Structure formats: structure tokens, C-alpha cells
Number of protein chains: 2
Amino acid sequence: MNIYDIAAEAGTSISTVSRVLNNKGNVNPKIRDRVEAVLKKYDYKPSAIARGMVSKTMKNIAILTVDVRVTHYARMIYVIEQEFSNLGYNVSVCNTGGSVQECDRYFEILSEKQTDGIVLIGSVFNELIKYPEITAKIKDTPVVIANGQVKLPNFYSVLVDDTKAIRMASDYMFDHGRMDLFYVFDIATDSGRAKRQGFLEAMKLRDVPDGNDRVVIVDESSLEGGRNAAGKILSTGMPVNGVICGEDITAIGLMKEFKERGYRVPEDIAITGCNNSPDSRICEPELATLDNKPELLGGMCASLLRDRMEGKESATSVAIQPELVVRGSASF
Amino acid sequence: MNIYDIAAEAGTSISTVSRVLNNKGNVNPKIRDRVEAVLKKYDYKPSAIARGMVSKTMKNIAILTVDVRVTHYARMIYVIEQEFSNLGYNVSVCNTGGSVQECDRYFEILSEKQTDGIVLIGSVFNELIKYPEITAKIKDTPVVIANGQVKLPNFYSVLVDDTKAIRMASDYMFDHGRMDLFYVFDIATDSGRAKRQGFLEAMKLRDVPDGNDRVVIVDESSLEGGRNAAGKILSTGMPVNGVICGEDITAIGLMKEFKERGYRVPEDIAITGCNNSPDSRICEPELATLDNKPELLGGMCASLLRDRMEGKESATSVAIQPELVVRGSASF
DNA sequence: TTGAAAGCGCTACCAG
DNA sequence: CTGGTAGCGCTTTCAA
């Protein structure tokens, strides 16, 4: 069943059928009714592919992320999907696992399919700037990076002020008399480095001399990574009464380890995480954390992408201000 | 840059270019080299839309789920996406929020786009059987339901034996002397009802007369729902030393509430959840839970869908056997 | 082994 | 207001 069949049965031309289909141009009410009757009779739906052939768009966008199972990403994906779905788009999700090769593979397919827009979630994608032959594949597609930045003409950003976030958390600790702080650096992305930077700035502002010595590095943001971090902190032998982690899950692992070793949280050691994840409500005590507003971030990415897809000019880069959510693990 | 441009520059016809593009049919090596050089020169990529116009497929599948932010669903989505991405497909994710109208909207778009296959995640989609006018829209598309079943010619299933799962958990409790059990019914889906059924069967097998009175109902699977459940259980006035919940998060909320009310877990009250979610490792004590193997489920859905898309005959319905994971909240 | 030509199903333009 | 027609960029016959 195609537009020719409909036209034939309605005794008119495909042009007219196309007009009633798209509500475009004037059509004699009589004929319109006749066409609509046939349309309904066969429950006819025009082929989006054929339409795409002409219009050069299939009304599809894609989201690339390291892993959709990470709730923080899923929260952004959800918002973006809802927004675009309301506009009649489909949203495909691509898990790159953080691999540039995978990213390349996806870009290739997406460009062949004339995907209308791309959202990259996470600052891992910043490294794309080093691979011009990869980004070239989507040079005609508007791209928005959530909390990342790539200086290319078709790339736009919505940034999160991670540095300020951790500075806030550090200041909060200081203001409440927690002078012996540690920072757990658990994700080696630009975002992770920005967070560390916030910690170091706060240390400097308070004239703490050994800021760098108070950063411990673990190579996974996970419960286990957090446990390791606790061990590393204690083994420095330096005093500690407050720890700030780059991710909630690390903070939770760290808290578990400290508790098992007999420390009280927050009395002996106050802890804050980052992301305001559902996890932070599950652990005990509940985790103080930085809310970096993934829904807002996702929503802004969607708006920005939509603007660029419509050719509208708009801010090429906006910034989200995180908020500290005080809970049991750092309530004084 | 289209196939005509390539043909012109290579001094041959589009037919020949098409042949080298698809490695189909014989091509004079000389000409092939010439064409490939031009292909490379312009980094030419054929239009998937034009191709789809002829082949009637865009190599796209769709996953419909209530909400991608639910980790249990995201775990399946991940596996399915990886599997199909390796086959050159794109996977679009659709959040229906459990609404049939939304489902209808998605089906409409998906059918217009000639989506090659659909995966429905969750037994909420079972109710589609009541809406033949909606399912009619995708009657030519193979559909696989993860843990659900709709008796239509193009619908296939991978089932999880939820009843057995909860029966196992109940038996485990009984075997360890926990005779005063409660079940928390926290999701009103077929899956939820199957779980309750497992509890009732176990009660009957042990000749517990008041099985039904030992089911408490809450209307959300959430921390708050779990807290409410604890209250409801206590207010029955019946003895209790073991509780089984339909979802981990409910079990966690329930455990928190019991602990705050002075009960020890598992000494006074043992608790098990369902899903083996990451959450179950975060709470304290860690939660005993039923692993219903979402990755395996997702993988089987992907295989089944692939088989049906290739027209292969295969089991129309297979079942996954959950496993009980014993942890602190129910270790004796 | 090659190339001309006929679609695939639609939109958009233009003449009537 | 209507309908014929020229594409959109490819794949696939079918002759040559």
C-alpha cells in the first residue's frame, strides 16, 4: 500500500494525496474526504524512508555514552529522549565503553543514516579533538556535549562547573571545622580533573600547604575503589576528618571501609560524594553529595541541540551550577 | 557527493560503483582500483536512506521500556544494544512510562520508519493484548518481550520464572526456621503477581493457613514504599521474622524502617529482595536477593529477535531460572 | 564484465 | 485547486 494505491482508489493524483497527508496547500473538501476515507480504510502510513529520501532527514538523533547502565547517564538520556520523542524523533543510544574506536564506528553508521543530531554524554568525549579523521565523519551534524567541550564548528557544549562544586564541598567542610581533608580522584576524565582542581583551589585559599599530598588516586569509581581509597588515606599517616570523593559510589565504598575499621561517620570522618545518585539515599548514613542536576543538563543539551538543528543561533556553551546536598555523612 | 559523482570521476557507471561498494559481482581489478581510489579520495559513504528505500530496511531496532533510568532495564538495554550494534544496527530507546498511549505513539513512528525489530522490556507490555488496534500497527515487525507474553503471531517471549524465584526465597526462609513470613507486593504487573503466587505456593506447601493475610500491598517500589510496607506488616500484629520483597529497593526501604524501629536484620527479621541490583551491595547489611539475570535475559531477547528477523524458526518462548544470592540480610 | 534503465515511495515544483 | 513530472540516491535486473 503506497501513495499511488491510495490515489488510485480515491480517484485522484498522488499530489493531492500528499497534500492531505501533510495538510499542505488547499484541497477541495469533497476530495479531501474521499482521500481520508481511503487512508483510514487501509490504515495507511506513509513511508518515513521515502520521505527521508526527499527531506534528507529521518528524524533520528543519537546519544553516545560510555554506558547506559550508569544511572547518572541514564537520567540525562531519559530527559533527552522524552524531549525529542515529543518532537517526533527517535533516539538511539550507543554505548561506547569509552573507546574511541567504538565512537568511530558509531559515527560512521550515524552519518550514513543522516542522523539529525548527536549528544555526547560525558567529558570522555573531549579526547575526540585529537582525532580529526573521526570527527570529520560527522562534520555536518550538530553535536552537543554534556559536560564536555570540543572546539569544532559543529560541536556545542553544556558545561557543569565541577571545579566550583568540589570547592563548595571543601569550603563546607572547612567552615565546619574539618581541616584535615582528603580528596579521592576516581575518574581520569576532564571532569574528574576539574573536580580535583576545585579541591586544590580550596586548599590553597585556606593556606593548606600540602594540597597535592591530600589527593589519593584510585583507578575505579566503585565500592571497591572507595574501599581502596580509605586504605590509601589511612596509610599516608596524615590526620583526616573529612573526605570528598569524585563520585557517590566511591564515597559509599569509602564510608563502608571506614565504618568497618571503627571510624564513625560523620563524627570522626565526614564524607561527601558527587552526583546525588539514588545510591546516596540507600547507604547509612545517607550521603552528602553534590547535585550536578543531570535532568537539567540533559534538558539543556536537548534544547541546545534542537536550536542548532533548526539552524537557530544560541549560546554555544552554558554552565550548570551544582548544589551541595547535606545529608548524614556530613551533617554537623 | 553521491554514487553518480563517484562514477563520473572514476570514469565508469553507477552500477559498477555499486558493485565495488557492496563487493557484489565481478569487477575488473583495474576499474575496481580506480573506483576505490575515488571512494577514498572523497571519503564517500553511501546513503543508508537511499539504500533503505530499496532494501526496505534501515537496520534499526527499538527497545520500549517503562523507564531507562531503572537499572534493571538499563542492564538489558545495554546487552541488547551491544549485540545489535555489532551487527550494524542502531538501537533506539523509547520510554513509555508504562502508558499504553505512549506505546501506541511509538509503534506508529516505528512502523513508519520500517523498524526491523522491537524489544519490549517488562511484563507491563502484556496488557497490549487488550489493544488489537495498537498491536496491528506493528503486525509485520517481529517483537520480543522480555519477561512477558502476548499471544500474537509476531510476538515472542523470553520468560523469567518469577514464581519459582519467590518460592525459592520462601523455602530458604522456612528451611532456616523463619516461619513467620510476609511478602511485600510492590509492583502490580504480571511479573509482580507471579512473584506473589510463588510466595502463596510456598506457604501452602508448608501448610501455613493464612498465606493471603501475609501479603502486604504497597503502591510503589521505592524506599518509601518499603518503609510503608514495614509499617503495614507491624500493624497486622502478626508475628514476623522474615520478609520477602518484590524488588530490591522496596526491601532496602523496609530494612531501613525496621532497623530504625529497633529490629535487628537478620537476627530479628530476615529480608530478601529481588533483582540483584547494585543497590543490594550498598545497603547494610547487604541484601539477600534473587538474581533474575537481566544480562542473560537481554542476550536471549537479542538472539531470539535476531533469529526472527532472519526468518529463522526458533523457540517462541524460553524461561530463565533465577538464583538466590544469600547475603547479610538473610544469612543464618 | 559492464552500463542503461527501471524502480523504491515520497515531496515539490510548475503548468493548467 | 489539481495533476503531471522530476528528482532524492541507491540496488537490481537485463542486454550488450
Side-chain angles (χ1 to χ4, degrees), chain A residues 1-39 42-60 88 108-116 140-141, chain B residues 1-39 42-60 88 108-116 140-141:
Chain A
M1 195 45 49
N2 61 28
I3 200 171
Y4 288 92
D5 301 322
I6 300 293
E9 180 142 348
T12 181
S13 70
I14 62 164
S15 313
T16 299
V17 174
S18 177
R19 281 185 204 105
V20 348
L21 238 24
N22 302 294
N23 254 320
K24 224 178 220 171
N26 292 326
V27 178
N28 179 321
K30 280 253 167 73
I31 303 189
R32 172 181 297 271
D33 287 349
R34 234 162 55 210
V35 170
E36 278 174 346
V38 180
L39 252 26
Y42 294 103
D43 193 32
Y44 170 78
K45 293 287 175 292
S47 154
I49 302 183
R51 196 171 258 174
M53 183 96 209
V54 179
S55 65
K56 309 294 206 193
T57 155
M58 285 289 287
K59 299 202 85 168
N60 275 138
E108 185 125 4
I109 298 180
L110 295 175
S111 82
E112 291 178 13
K113 291 193 183 169
Q114 309 248 39
T115 300
D116 303 294
D140 301 318
T141 310
Chain B
M1 197 38 57
N2 60 29
I3 199 170
Y4 287 91
D5 301 322
I6 300 293
E9 180 142 350
T12 182
S13 71
I14 63 165
S15 316
T16 299
V17 174
S18 176
R19 282 186 202 103
V20 348
L21 237 25
N22 302 293
N23 253 320
K24 224 177 219 172
N26 292 323
V27 177
N28 180 322
K30 280 252 169 68
I31 301 189
R32 171 181 300 271
D33 288 349
R34 234 164 53 211
V35 171
E36 279 172 344
V38 181
L39 253 26
Y42 294 102
D43 191 32
Y44 169 78
K45 292 289 175 294
S47 153
I49 301 183
R51 196 172 259 173
M53 182 95 209
V54 179
S55 66
K56 309 295 206 191
T57 156
M58 286 288 287
K59 301 203 86 172
N60 275 138
E108 185 125 4
I109 298 179
L110 295 175
S111 81
E112 291 178 13
K113 290 192 183 169
Q114 308 249 39
T115 300
D116 301 295
D140 301 319
T141 311

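First the proteins, then the strands, lettered A, B, ... as listed; each starts at 1. Just so we're clear, the structure is a prediction, and the values are computed from it rather than from any experiment.
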Problem - Covered region of DNA chain D, 5' end to 3' end, by chain B [heavy atoms, under 4.0 Å] - result: D:dG9 to D:dT12

Practice task
Return the value, rounded to whole Å, for the distance between atom CE of B:Met53 and atom C1' of C:dT11.
Solution key: 11 Å

Practice task
Measure the CD-CG distance between B:Glu108 and A:Asp43 for me, rounded to the nearest 0.5 Å.
Solution key: 7.5 Å

Practice task
Grab the two heavy atoms, one from A:Lys59 and one from A:Thr57, that are nearest each other, plus how far apart they are.
Solution key: N-OG1, 2.9 Å

Handout entry: Where A:Met53 and B:Ile49 come nearest, the two heavy atoms and their spacing
Key = N-CG2, 3.5 Å

Problem - Minimal non-hydrogen separation, A:Ser13 against A:Ala7, with atom names - result: C-CB, 3.6 Å

Problem - Whether A:Asp5 side chain and A:Asn2 backbone form a donor-acceptor pair below 3.5 Å - result: yes

Exercise for the section: Strictly below 4.0 Å, heavy-atom distances to any atom of DNA chain D: list the hits from residues 43-52 of chain B, or just say none. Expected result: B:Tyr44, B:Pro46, B:Ser47, B:Ala50, B:Arg51

Problem - Note, B:Arg19 side chain near B:Ile31 side chain (heavy atom, < 4.5 Å) - result: no

Handout entry: Shortest non-hydrogen contact from B:Arg34 toward B:Gly11
Key = NH2-O, 3.3 Å

Practice task
Mind checking the CG-CD1 spacing from B:Leu21 to B:Ile3? Nearest 0.5 Å is all I need.
Solution key: 5.5 Å

Practice task
Check DNA chain D against residues 26-37 of chain B and give the residues with a non-hydrogen atom under 4.0 Å, in numerical order.
Solution key: none

Exercise for the section: Using atom CG of A:Asn2 as one end and atom C1' of C:dG9 as the other, report the distance to the nearest whole Å. Expected result: 6 Å

Exercise for the section: Indicate yes or no for a side-chain donor-acceptor contact from A:Asn60 to the backbone of A:Thr115 under 3.5 Å, with no hydrogens or angles considered. Expected result: no

Practice task
Using heavy atoms and a sub-4.0 Å distance, could you list which residues of residues 4-13 of chain B are near DNA chain C? By number, please.
Solution key: B:Thr12, B:Ser13

Problem - From A:Asp116 atom CG to A:Ser55 atom OG, the distance as rounded to the nearest 0.5 Å - result: 8.5 Å

Handout entry: Qualifying residues under salt bridge (charged side-chain N to carboxylate O under 4.0 Å, His left out), relative to B:Glu36, sequence neighbours excluded
Key = none

Problem - Derivation of the side chain to side chain contact (heavy atoms under 4.5 Å, CB included) call for A:Val20 and A:Leu39 - result: CA-CA 10 Å; A:Val20 348; A:Leu39 252 26; 3.8 Å; yes

Handout entry: Side-chain donor/acceptor of A:Lys113 to backbone N/O of B:Met58, under 3.5 Å
Key = yes

Exercise for the section: Flag the pair B:Arg32 / B:Thr12 as yes when at least one side-chain heavy-atom distance between them is below 4.5 Å, and no otherwise. Expected result: no

Exercise for the section: Please name the pair of heavy atoms, one in A:Glu9 and one in A:Tyr42, separated by the smallest distance, quoted to 0.1 Å. Expected result: OE1-OH, 2.7 Å

Quick test: give all pairs of protein nitrogen or oxygen and nucleotides 12-16 of chain C nitrogen or oxygen below 3.5 Å, distance rounded to 0.1 Å.
| unit_1 | atom_1 | unit_2 | atom_2 | d |
| --- | --- | --- | --- | --- |
| C:dA12 | OP2 | A:Lys24 | NZ | 3.1 |

